[in-house]
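Worksheet for the structure shown next.
Position 1 is the first residue of the sequence, and the numbers go up from there.
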Amino acid sequence: MNYNEHKITSIRSIEELVTILSEIDKLKYTDIIRSLSLEIQAFEPYCSWSSHSYTRNCLVENEMFELILICWEKGQITPIHDHGGEECWVKVIQGELKETIYKLDKAGELNQVKSSIAKTGDISYMIDFMGCHRLENSSNDRSMSLHLYARPIRNCQSFDESTGESTSRDLSYDTTSNMVLNLKG
C-alpha cells in the first residue's frame with residue numbers, strides 16, 4: 001500500500017505501519033500515528049518488562065526513523081531529557097503517562113512549564129525547541145507507549161532536576177525485534 005496513492009483511515013499491523021513510514025515524508029508522521037489502530041496484542045511479541053526500569057524495545061531503526069515500544073511498570077519514570085535535535089511522537093498503547101515539560105531560562109535554571117496526563121490512545125509530540133520532558137507511568141498498573149522518532153536518537157541530554165545540570169547520555173535498547181534484524185540483513 002502506497003501512502004501517496006491511498007488515504008489511510010487506520011493502520012492495522014505493525015508491518016503495515018513500518019511499510020508506510022518507509023514510504024512517506026516525516027511531515028505525515030502525525031497523520032500516520034493518529035491512524036494507528038492496533039490492539040494491545042499486536043505489541044505483545046515486542047514487550048519486555050523490568051522491575052528496575054522501563055524498557056526500550058526497538059521495533060525498527062533505520063536512517064529515516066526509529067520506532068520503539070517502551071514498557072513501563074507502575075511508577076517508572078524517565079530522567080528529564082531532550083531528543084538530540086529530533087522530533088518525537090508518543091502514542092499511549094496501554095495505561096497512562098504523565099508528561100512534564102521543562103525549559104531552561106536565561107539564567108540556566110530548569111523550570112517546569114506544564115504537566116499533563118496522556119491515556120490510552122492519546123498522542124503527544126516533542127521537539128527540543130519546545131523544551132525537554134520527563135515521562136512517568138502514572139497508572140496503577142503496567143503501561144505501554146509507542147515512540148516514533150523522525151530519525152534515530154543515538155544520544156540525548158539528561159537534566160538533574162535539583163541542579164539543572166545536564167549530562168550526555170548514550171541510548172541503547174533492552175530488546176531488538178527480528179523486524180530490525182530483517183531490515184538490516
Subject >> Side-chain touch V92/S143, heavy atoms, less than 4.5 angstrom >> reply: no
Subject >> Where A42 and I14 come nearest, the two heavy atoms and their spacing >> reply: O-CD1, 3.3 Å
**OP:** Considering non-hydrogen atoms only, spot the tightest contact between K98 and T100 and give its length.
**Re:** CE-OG1, 3.8 Å
Original post:
What's the spacing between C71 SG and W49 CH2 if we round to 0.5 Å?
Top reply: 4.0 Å
Subject >> pair E73-N137: side-chain heavy atoms closer than 4.5 Å >> reply: no
Subject >> Chi angles and distances behind the side-chain contact (heavy atoms from CB on, under 4.5 Å) call for L69, C47 >> reply: CA-CA 7 Å; L69 179 68; C47 292; 3.9 Å; yes
Subject >> same_hphob_cluster(Y125, F65) at 4.5 Å side-chain heavy-atom cutoff >> reply: yes
Subject >> Non-hydrogen atoms of S22 and V18 that approach each other most closely >> reply: OG-O, 2.8 Å
**OP:** Report yes if some heavy atom in the side chain of E86 is under 4.5 Å from a heavy atom in the side chain of E66; otherwise report no.
**Re:** no
Original post:
Quick one: CG on D105 to CG on N111, what's the gap to the nearest 0.5 Å?
Top reply: 4.5 Å
Original post:
Would T55 and N57 count as a side-chain hydrogen bond (donor to acceptor under 3.5 Å, both in side chains) if you check the C-alpha gap in whole Å, the side-chain angles of each, and the deciding distance to 0.1 Å?
Top reply: CA-CA 6 Å; T55 60; N57 306 285; 3.0 Å; yes
Original post:
In terms of hydrophobic clusters joined by side-chain contacts under 4.5 Å, are I117 and M130 together?
Top reply: no
Original post:
Is any side-chain heavy atom of I101 closer than 4.5 Å to a side-chain heavy atom of M126?
Top reply: yes
Original post:
Can you name the nearest heavy-atom pair linking D128 to G85, along with the distance?
Top reply: OD2-N, 2.6 Å
**OP:** Tell me yes or no: between the side chains of E96 and S138, is some donor less than 3.5 Å from an acceptor?
**Re:** yes
**OP:** Would you please classify the geometry between the W89 ring and the Y29 ring as parallel, tilted or perpendicular, with 30° and 60° separating the classes?
**Re:** perpendicular
Subject >> Shared hydrophobic cluster, I123 / I40 (ILVMFWY, side-chain heavy atoms < 4.5 Å) >> reply: yes
Subject >> Residues, nucleotides or ligands: over 12 heavy atoms within 6.0 Å of Q112 CD >> reply: yes
Original post:
Atom NE2 in H81, atom NE2 in H133: separation rounded to 0.5 Å?
Top reply: 3.5 Å
Original post:
What distance separates I80 CD1 from C156 SG, expressed to the nearest 0.5 Å?
Top reply: 12.0 Å
Original post:
Within the distance-only criterion (no hydrogens, no angle test), does the side chain of R56 pair as donor or acceptor with the backbone N or O of S172 below 3.5 angstrom?
Top reply: yes
Original post:
Does the side-chain contact (heavy atoms from CB on, under 4.5 Å) test come out yes or no for Y46 and T175, once each step is laid out?
Top reply: CA-CA 8 Å; Y46 308 103; T175 66; over 6 Å; no
Subject >> Pairwise side-chain contact, P79 with R169, heavy-atom cut-off 4.5 Å (strictly under) >> reply: yes
Subject >> More than 12 heavy atoms of other groups within 6.0 Å of Q41 CD >> reply: yes
**OP:** For Q157, check side chain to side chain donor-acceptor pair (under 3.5 Å) against everything at least two apart and list the hits.
**Re:** S166
Subject >> Path from M144 to I33 over hydrophobic side-chain contacts below 4.5 Å >> reply: yes
Subject >> Between CG on residue D31 and CD1 on residue I20, distance to nearest 0.5 Å >> reply: 11.5 Å
Original post:
Are Y149 and H83 side-chain neighbours, meaning at least one heavy-atom pair lies under 4.5 Å?
Top reply: yes
**OP:** May I ask you to check whether over 12 heavy atoms, not counting those of R151, lie within 6.0 Å of atom CZ?
**Re:** no
**OP:** Measure the spacing between CG of L21 and CD1 of I11 and express it to the nearest 0.5 Å.
**Re:** 7.0 Å
Original post:
Taking the side chain as C-beta and beyond, is there a heavy-atom pair between E99 and L135 under 4.5 Å?
Top reply: yes
**OP:** Apply the test side-chain contact (heavy atoms from CB on, under 4.5 Å) to residues T78 and W72: give CA-CA distance (whole Å), side-chain angles for both, the deciding distance (0.1 Å), then the verdict.
**Re:** CA-CA 10 Å; T78 67; W72 311 79; 3.4 Å; yes
Original post:
Should E61 and R154 count as an ion pair when the cut-off is N to O under 4.0 Å?
Top reply: yes
Original post:
Pick from L97, I93, I68, D122: which one makes a side-chain contact (heavy atoms from CB on, under 4.5 Å) with S145?
Top reply: L97
Subject >> Derivation of the side-chain contact (heavy atoms from CB on, under 4.5 Å) call for L146 and L17 >> reply: CA-CA 12 Å; L146 187 66; L17 172 63; 4.1 Å; yes
Subject >> Closest non-hydrogen atom pair between E39 and F43, with its separation >> reply: O-CD1, 3.8 Å
**OP:** Would you name the heavy atoms of S48 and D174 that are closest together and state the gap between them?
**Re:** OG-CB, 4.3 Å
Subject >> Within one Ile-Leu-Val-Met-Phe-Trp-Tyr cluster: V60 and I32, side-chain cutoff 4.5 Å >> reply: yes
Original post:
Do R12 and S37 have side chains that get closer than 4.5 Å, going by heavy atoms?
Top reply: yes
